[in-house]
Amino acid sequence: MKKDENKHQRYLRKLEREKYAVRIGQWSILVVFLALWQYTTDRNILDSFIFSSPKRVLNTIVTLGSSRILWEHTAITFLETIVSFFLTTIVCIFMAVLLWWQKVLSDILEPYLVLLNALPKSALAPLLIVWLGTGMNTIVVAGMSVAIFGSIIQLYTCFREVDCEKEMLIYTLGGNRRQVLTKVILPGSVPGIISNMKVNVGLCLVGVVIGEFLAAKRGLGYMIIYGSQVYKLDWVMTAIILLMVMAMFFYVSIDKMSKKL
Amino acid sequence: MVAVSIDQVSYSYHSVSAETVALQDISFQVSPGEFLAIVGPSGCGKSTLLALICGLLKPDKGTISFYDEAGISKTNIGYMLQKDNLFEWRTVYRNVILGLEINHCLTEEKKEKIDRMLVNYGLKDFEEKRPSELSGGMRQRAALIRTLAMEPDLLLLDEPFSALDYQTRIEVADDIGRIIRQEGKTAILVTHDLSEAISMADRIVVLSKRPARVKKIMEVNLSVPEKSPLAARSAPEFQGYFNTLWKELKSDEERRE
Ligand SMILES: Nc1ncnc2c1ncn2[C@@H]1O[C@H](COP(=O)(O)OP(=O)(O)OP(=O)(O)O)[C@@H](O)[C@H]1O
Ligand SMILES: [Mg+2]
């Protein structure tokens, strides 16, 4: 017994070590990248005016940060992404359920979904501005438009792939179609829905930034466009880095949430 | 007395390319408390027959009747599919109560009964585990409890042991056979294991290859005190029954060649 415990502990320690190795690897890539960026711009190998540098980005964050402008831009983009992500998720699950419920409907709509999914959404953005103005609505819809069609297709496929014998089981236990949905299809698709959400949140962010490029007077996308026009590349870099942090935050939040389930 | 009567039942599947006649003029009867086995070559229509009895499919021709006076209600049939189909997103306990949950009849009394079954069939310590943490035999027993929890009047078993290795298979068949006899259930077992059929059933229906017809109905009388699959195999009559069944199925193959 004693011996077994030792073995088990050794196994746990090994797992722990592997986890640390991965973490160290991940952080060192970041550190090396930042160091190289700083070094090359310090030595004028790269022009720090065009390429900015970690120090300059930090400075920008500190100076802009104290005047709250930066945080307003960030908060706006954050909010728009969250709203369009939630709407996308709700609409997609609803649509996928509808298509599953009425197979005919899915057969009818399939070519349209595929077509709309393949369409470059940035081509839609100018239209959205004309239809919806340059407010937050446009940005939210732009965010949704990037994710929604592909996501409906993917969720619907995921629903269809649930083992049909499991469906039959519900009928043999005296259940009906609604119970097939609530007891088998939805709970059985939870992993699919989560991975779909992870992809969606990224796509919504893409759509929101595209929308802000074209329509907005606020948000990180606007900051990037504005910064590049007036050659404040520090602003551009800062905005890009904040977008990365945001994307990471979304991803990790969904991951944490899904592990709690 | 007759519990279930199957009269002149035919059924065909339709697909774009062809019509597949699965069953043709099938007739037989089941008495209350009887354990009936159905054997036949692979793909002959055994699962189809069970789906018809269960009401998942409607016969093209013929009728299937259930006799209330024999204590069999059409709406209370337990069907154990070929695979255990336990849901990985539910604990073993929540899998077992699935049927009761669906029918909104999860009473205290039923819960107690389930508890007793979990103890009896050695699953009590595993009720909060996920199905993937169970062995094949345990999974099969969990699926059986799920079916029995509904207190079905008639049990349909579609090769419930085919996913198990040989030794577990005999053990679980032994277990399940005893459980069903204890509870005095009427049961129909589909299998293509002839020894299993002889050792568990009171009567055996032999089906021909597709389209399935009834080739023979054979009564099994073994001179062993307790009819458990293991004991049955050592009964003196066992070999005779086996040979008869074997010949029946074999003659079918020869005709095909
Ligand atoms: N959904 C279906 N659509 C079309 N044909 C089907 C369908 N299900 C079964 N069949 C056909 O009907 C015939 C009988 O099938 P069934 O599943 O009842 O056979 P079985 O006797 O249970 O076979 P096995 O012993 O392999 O389980 C087979 O030839 C099969 O090809
Ligand atoms: Mg079958």
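Numbered from 1 within each chain, the chains take letters A, B, ... in sequence-line order.
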Asker: Around atom NZ of K61(B), are there more than 12 heavy atoms from other residues, nucleotides or ligands closer than 6.0 Å?
Answerer: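 No - once you tally the heavy atoms of other residues, nucleotides and ligands closer than 6.0 Å, there are 12 at most.
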Asker: What pair of heavy atoms forms the shortest contact from Q82(B) to E165(A), and how long is it?
Answerer: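 The answer is N-OE1, 4.5 Å.
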Asker: What part of L156(B) gets closer than 4.5 Å to chain A, counting heavy atoms only: side chain, backbone, both or neither?
Answerer: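 Neither part.
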Asker: I need the contact set between residues 184-195 of chain A and chain B: heavy-atom distance under 4.5 Å, sorted by residue number.
Answerer: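 Residues V184(A), P187(A), G188(A) are the ones that qualify, each having a heavy atom under 4.5 Å from chain B.
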Asker: Identify the residues of residues 104-143 of chain B whose heavy atoms come closer than 4.5 Å to a heavy atom of chain A, ordered by number, or report 'none'.
Answerer: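 Within residues 104-143 of chain B, the residues that come under 4.5 Å of chain A (heavy atoms only) are H104(B).
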Asker: Using non-hydrogen atoms and a 4.5 Å limit, figure out which bit of I77(B) sits close to chain A: side chain, backbone, both or neither.
Answerer: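 The answer is the backbone of I77(B).
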Asker: Are there more than 12 heavy atoms of other residues, nucleotides or ligands under 6.0 Å from atom CZ of R160(A)?
Answerer: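 For R160(A), atom CZ is crowded (more than 12 foreign heavy atoms under 6.0 Å).
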Asker: Pull out the residues in residues 100-121 of chain A that come under 4.5 Å of chain B, heavy atom to heavy atom, sorted by number.
Answerer: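 Within residues 100-121 of chain A, near chain B: nothing under 4.5 Å.
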Asker: Quick check: are there more than 12 heavy atoms from other residues, nucleotides or ligands sitting under 6.0 Å from CZ of F94(A)?
Answerer: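 No - once you tally the heavy atoms of other residues, nucleotides and ligands closer than 6.0 Å, there are 12 at most.
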Asker: Please list, in residue-number order, every residue in residues 166-177 of chain A that has a heavy atom less than 4.5 Å from any heavy atom of chain B; write 'none' if there are none.
Answerer: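 The list, in residue order, reads K166(A), M168(A), L169(A), I170(A), Y171(A), T172(A), L173(A), G174(A), G175(A).
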